[in-house]
Amino acid sequence: LFRSSIQTELTTDPEGGMRCFFRVYNDLLIRGYSMKEAAVSILLPLDYKDPEGLLKCWMESVGNLCEKKKVRVLGGHTEFSRKVETGVVTISGRGERRKSFPSVQGENVENWANEGNWENEENRENKENGDNGENEKNEKNEKNGDIVMVGLAGAAGVRKEIFTNRERLERHLPRYFIEEAQLFGAEYDLSDPLKKALKLGGYAPFKLSDRGVYGALWEYGQSQLLGMQVEQDLILTEQHLIEICEILERNPYEIDSLGGFLITVKAGEGEMFCDELEAQGVEAQVIGRWMEGRDRVILRGEEKRFLTP
């Protein structure tokens, strides 16, 4: 079985090619596919200060990633054009289903326990033995599962903002602080943390991307047709990222969080799951839980707000 993914990045940031590659790679990976082939298209404005240097940077980064991940490059297109005002890199990827990596973005959390994944041998045995009472309890447990976040809210977005607005930021913050902020979220590849999370019993993973944590939570809820309750203060981020977002009047929960993902764990097991992940070098945090209904609620102290599309 094969699946395709096409992603586009609008930027003149030197990391644009790398980010676009991992948008495709992660999109396929989290749906259970291994990226095998890619085609690359790059458009650059004629009046950019160094279009050939940026083109070389993007092509080298994408080429190195394709070689590292054993992705075959089918071809590409490059063009300098007056029709674009910023760089445009588009990567089309094709992936093959991974039999030993059962992750499906948006897979229904109520049905996941019956799909033959690593953590569900007991559920399948109960079903085969006709233990309906236990199955009903498991289904209820799935519906009220814990929502876990891996990665940092807004980290990729702040890296882009630093490239675009560095002079403005340096008027408010010391240079070392900005350089430290750039270190957060530098790893966009989901393959290692996602594999560890799935092996520990997480299910129904959902990637974070350019719509930020709030956007991903809304889409996650839509994919499950369930409500959720999330505590904002538990969402993973860093003070460096928050301060930069305040200066630029951006919301860290609504900007690019490429390199992170959400995943569901059986109700009451989230804290232990996160402890085990962190012991393997993966930062994780229970940020909320699934609920009956369709309301997606964000709590901050006594304040309550509802997520919208």
Side-chain angles (χ1 to χ4, degrees), residues 15 18-19 22-23 25-27 29-30 101 103 105 109 118-119 145-162 177-217 219-220 228-246 250-290 298-300:
E15 288 191 348
M18 177 172 64
R19 279 198 307 271
F22 277 116
R23 291 196 199 285
Y25 183 85
N26 290 346
D27 184 52
L29 180 73
I30 210 162
F101 201 71
S103 63
Q105 169 148 325
V109 296
W118 295 321
E119 73 276 14
D146 295 336
I147 300 173
V148 171
M149 176 181 168
V150 174
L152 294 175
V158 166
R159 287 174 67 84
K160 289 192 288 186
E161 293 288 355
I162 290 173
F177 187 93
I178 297 171
E179 292 174 352
E180 287 175 353
Q182 282 187 298
L183 299 177
F184 296 113
E187 180 57 66
Y188 300 133
D189 188 355
L190 293 186
S191 53
D192 182 62
L194 181 59
K195 185 173 183 179
K196 289 174 179 176
L198 290 167
K199 284 188 174 181
L200 287 174
Y203 50 89
F206 202 94
K207 72 180 186 299
L208 304 178
S209 196
D210 56 354
R211 290 194 63 203
V213 176
Y214 283 171
L217 285 168
E219 293 173 359
Y220 201 15
M228 64 175 64
Q229 182 172 289
V230 172
E231 293 190 38
Q232 180 176 297
D233 291 343
L234 296 180
I235 295 175
L236 290 171
T237 189
E238 287 287 344
Q239 188 62 32
H240 288 65
L241 309 180
I242 293 172
E243 291 191 29
I244 287 175
C245 285
E246 287 178 351
R250 303 297 304 274
N251 188 329
Y253 309 110
E254 295 179 350
I255 64 174
D256 200 350
S257 299
L258 176 67
F261 63 93
L262 305 168
I263 195 164
T264 299
V265 182
K266 289 181 180 180
E269 297 183 6
E271 295 296 338
M272 182 174 64
F273 174 85
C274 292
D275 289 344
E276 292 179 359
L277 266 184
E278 290 183 5
Q280 297 183 46
V282 178
E283 187 175 11
Q285 174 71 47
V286 178
I287 63 171
R289 59 189 177 88
W290 293 107
I298 301 292
L299 301 177
R300 185 180 183 186

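Rounded to the nearest 0.5 angstrom, Met18 CE and Asp189 CG are separated by 10.5 Å. Rounding to the nearest 0.5 angstrom, the gap separating the OG atom in Ser191 from the CZ atom in Phe22 is 7.5 Å. Note that CD of Glu276 and NZ of Lys196 are 13.0 Å apart. Values are rounded to the nearest 0.5 Å. If you take CD on Gln285 and CG on Asp146, they are separated by 11.0 Å, rounding to the nearest 0.5 Å. With rounding to the nearest 0.5 angstrom, the CE atom of Met149 is 5.0 Å from the CG atom of Leu236. Atom OH in Tyr253 sits 11.5 Å away from atom CG in Leu217 (nearest 0.5 Å).
Proximity of Val148 to Cys274: side-chain heavy atoms (C-beta onward) are separated by under 4.5 Å at one or more points. A 4.5 Å side-chain heavy-atom check between Tyr214 and Ile235 finds at least one atom pair inside the cut-off. Using a 4.5 Å heavy-atom cutoff, the side chains of Glu231 and Asp233 are not in contact. Side-chain contact between Lys266 and Phe273: absent, with no pair of heavy atoms (C-beta onward) separated by less than 4.5 Å. Within the 4.5 Å cutoff, the side chain of Val213 has no heavy atoms near those of the Val230 side chain.
In this structure, Ile255 and Arg250 approach most closely via the heavy-atom pair CG2-NH2, 3.1 Å. Between Leu258 and Ala156, the shortest heavy-atom distance links the atoms N-CB, 3.8 Å. The shortest heavy-atom contact between Asn251 and Cys245 is C-SG, 4.5 Å. The minimum heavy-atom distance linking Glu278 with Glu283 is given by the pair CG-CA, 4.1 Å. Closest of all the heavy-atom pairs between Ile162 and Ala181 is CD1-CB, 4.1 Å. Contact between Val150 and Leu208 at its shortest, heavy atoms only, is O-CD1, 4.3 Å.
Panel note: side chain Thr264, backbone Ile147; no donor-acceptor pair is recorded below 3.5 Å. Of the possible polar contacts, none joining the Lys207 side chain to the Asn26 backbone as a donor-acceptor pair under 3.5 Å is found.
Aromatic ring orientation, Tyr220 versus Trp290: perpendicular (interplanar angle above 60°, classes split at 30° and 60°).
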Going through the distances and angles, do Val158 and His240 end up as a side chain to side chain contact (heavy atoms under 4.5 Å, CB included)?
CA-CA 9 Å; Val158 166; His240 288 65; over 6 Å; no
For the pair Leu190 and Phe261, evaluate side chain to side chain contact (heavy atoms under 4.5 Å, CB included) and give the outcome as yes or no after the intermediate values.
CA-CA 8 Å; Leu190 293 186; Phe261 63 93; 3.8 Å; yes
Assess whether side chain to side chain contact (heavy atoms under 4.5 Å, CB included) is satisfied between Asp256 and Arg23, documenting all intermediate values.
CA-CA 11 Å; Asp256 200 350; Arg23 291 196 199 285; 2.4 Å; yes
